[in-house]
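Counting begins at 1 with the first residue of the sequence.
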Amino acid sequence: MANLQQAGIAQRIAGIISALPEFSSCSSLLDLGGGPGRIGMAIVAAHPSMTGILFDRPAVARVAERFIEMDGMQARMTAMGGDFIHDSIGKGYDLVWASSLLNAVQRDADRIVRKIYDALNPGGVFVSCHDGLTHERCKPEIMVLGWLPSALAGQDMGLDKGFIADAMARAGFRSVQSSTLDIPMGPMELDIARKG
């Protein structure tokens, strides 16, 4: 995952996020479920003074700590271990980034998105990148095939297009902007939600 994030995706996401009008005034990032943290670190590095917290399972957070140290980002990025479903994710963030986070917790999506909403400062932004299945969940083919092993094991991990955007609207975000982002893993949905 670290190699995948570092192979251009982290820089591309950081470029998209740094182009948001709110970015220059952001001082704190939460990289929720950020894995090795390459994307979160790229976002923080694109800003002159932003600091960030990567939140993931304890074992994954320990891996992220090694990458933070390798990149010399200890002064601006920290890793926190926990379970985002049950544990506090903190508060006071200006920006929350999450990628393919809600696939495994679809039944709790409204509660988790509301938790993210509550963790953001007024005027904060939540950016989510995830799959979006269409055509009766048969397209895009690369995403359907990617989730096939989970589906055959009885766990539906694919998200319908618009699923997270709808959850964002229900959570109370004042606006939600959606687009499709073509990356090597296939077309992903990019939802940007702004808190009033």
Side-chain angles (χ1 to χ4, degrees), residues 1 5 9 13 16-17 20 29-35 37 39-40 43 53-58 60-61 80-140 142-181 183 185-196:
M1 184 60 74
Q5 288 182 359
I9 293 174
I13 296 298
I16 291 168
I17 291 178
L20 296 175
L29 164 76
L30 172 63
D31 183 357
L32 188 57
I39 295 175
I43 294 168
I53 294 174
L54 177 135
F55 188 101
D56 212 315
R57 298 271 186 183
V60 178
M80 180 174 21
D83 179 346
F84 76 91
I85 299 170
H86 304 293
D87 298 336
S88 170
I89 59 172
K91 290 195 179 290
Y93 304 110
D94 297 311
L95 177 62
V96 174
W97 160 257
S99 180
S100 300
L101 180 72
L102 299 175
N103 294 73
V105 292
Q106 294 178 38
R107 290 187 185 127
D108 288 325
D110 282 346
R111 185 175 63 80
I112 300 300
V113 173
R114 183 60 199 210
K115 189 178 204 177
I116 293 166
Y117 178 92
D118 291 341
L120 281 165
N121 288 326
V125 180
F126 171 29
V127 182
S128 176
C129 186
H130 50 274
D131 59 308
L133 301 178
T134 62
H135 296 81
E136 298 181 351
R137 303 177 62 85
C138 294
K139 289 189 178 195
I142 193 168
M143 293 296 167
V144 174
L145 291 173
W147 291 123
L148 186 59
S150 298
L152 292 173
Q155 186 174 14
D156 182 9
M157 298 283 283
L159 296 177
D160 290 334
K161 187 171 186 166
F163 178 84
I164 292 179
D166 291 345
M168 290 169 158
R170 288 191 298 271
F173 285 97
R174 71 173 163 83
S175 70
V176 178
Q177 175 186 356
S178 300
S179 61
T180 301
L181 182 63
I183 59 175
M185 296 177 301
M188 301 283 279
E189 296 304 302
L190 187 71
D191 294 326
I192 301 170
R194 291 175 166 88
K195 183 175 179 176

From the list Leu32, Ile116, Ile53, Leu29, side chain to side chain contact (heavy atoms under 4.5 Å, CB included) with Tyr93 holds only for Ile53

Measure the CG-CG distance between Asp56 and Asp83 for me, rounded to the nearest 0.5 Å.
-> 10.0 Å

Minimal non-hydrogen separation, Pro187 against Thr180, with atom names | CB-CG2, 3.8 Å

Check the pair Ile164, Glu189 against side-chain contact (heavy atoms from CB on, under 4.5 Å), reporting the backbone distance first and the verdict last.
-> CA-CA 9 Å; Ile164 292 179; Glu189 296 304 302; over 6 Å; no

Of all the heavy-atom pairs spanning Val176 and Ala193, show the shortest one and how long it is.
-> CG2-CB, 4.2 Å

Working to the nearest 0.5 Å, report the span between CG of Leu120 and CG of Leu30.
-> 8.5 Å

Taking all non-hydrogen atoms of both residues, which atom of Gly37 and which atom of Asp31 are closest, and how far apart?
-> CA-OD2, 4.0 Å

Using the side-chain contact (heavy atoms from CB on, under 4.5 Å) rule, take Lys195 and Asn121 through it: C-alpha gap first, then chi angles, then the decisive distance, then the call.
-> CA-CA 8 Å; Lys195 183 175 179 176; Asn121 288 326; over 6 Å; no

Interatomic spacing from CD1 in Ile39 to CD1 in Ile13 - rounded to 0.5 Å | 5.5 Å

Point-to-point distance, once rounded to the nearest 0.5 Å, from CG of Leu20 to CD of Gln177 = 8.0 Å

Determine whether Ile85 and Lys115 make a side-chain contact, defined as any pair of heavy atoms from C-beta on separated by less than 4.5 Å.
-> no

Taking the side chain as every heavy atom from C-beta outward, state whether Ser178 and Lys161 have any pair of such atoms under 4.5 Å apart.
-> no

Which atom names give the shortest non-hydrogen contact between Asn103 and Gln106, and what distance separates them?
-> O-NE2, 3.1 Å

Residues Asp118, Arg114: salt bridge by 4.0 Å N-O rule = yes

side-chain contact (heavy atoms from CB on, under 4.5 Å) evaluation trace for Leu54 with Val60 | CA-CA 10 Å; Leu54 177 135; Val60 178; 5.6 Å; no

Arg174 atom CZ: more than 12 heavy-atom contacts under 6.0 Å = yes

Might you confirm whether atom CZ of Arg170 has over 12 heavy atoms from other residues, nucleotides or ligands at distances under 6.0 Å?
-> yes

Spacing of CG belonging to Asp160 relative to CG belonging to Asp131, to within rounding of 0.5 Å = 9.0 Å

Trace of the ring pair (Phe, Tyr, Trp, His ring centres under 6.0 Å) decision for Tyr117 with Phe126 | CA-CA 8 Å; Tyr117 178 92; Phe126 171 29; over 10 Å; no

Paired with Val127, the side chain to side chain contact (heavy atoms under 4.5 Å, CB included) test is passed by just one of Asp191, Ile16, Leu95, Val96, namely Leu95

With a 4.5 Å limit on heavy-atom distance, are the side chains of His86 and Asp108 in contact?
-> no

Please report the closest heavy-atom contact between Ala109 and Leu102, naming both atoms and the distance.
-> CB-CD1, 4.5 Å

Looking only at heavy atoms, which two atoms of Pro58 and Gly82 are closest? And how far apart?
-> CD-N, 3.7 Å

Separation between CG of Asp87 and CZ of Phe55, rounded to the nearest 0.5 Å = 5.0 Å

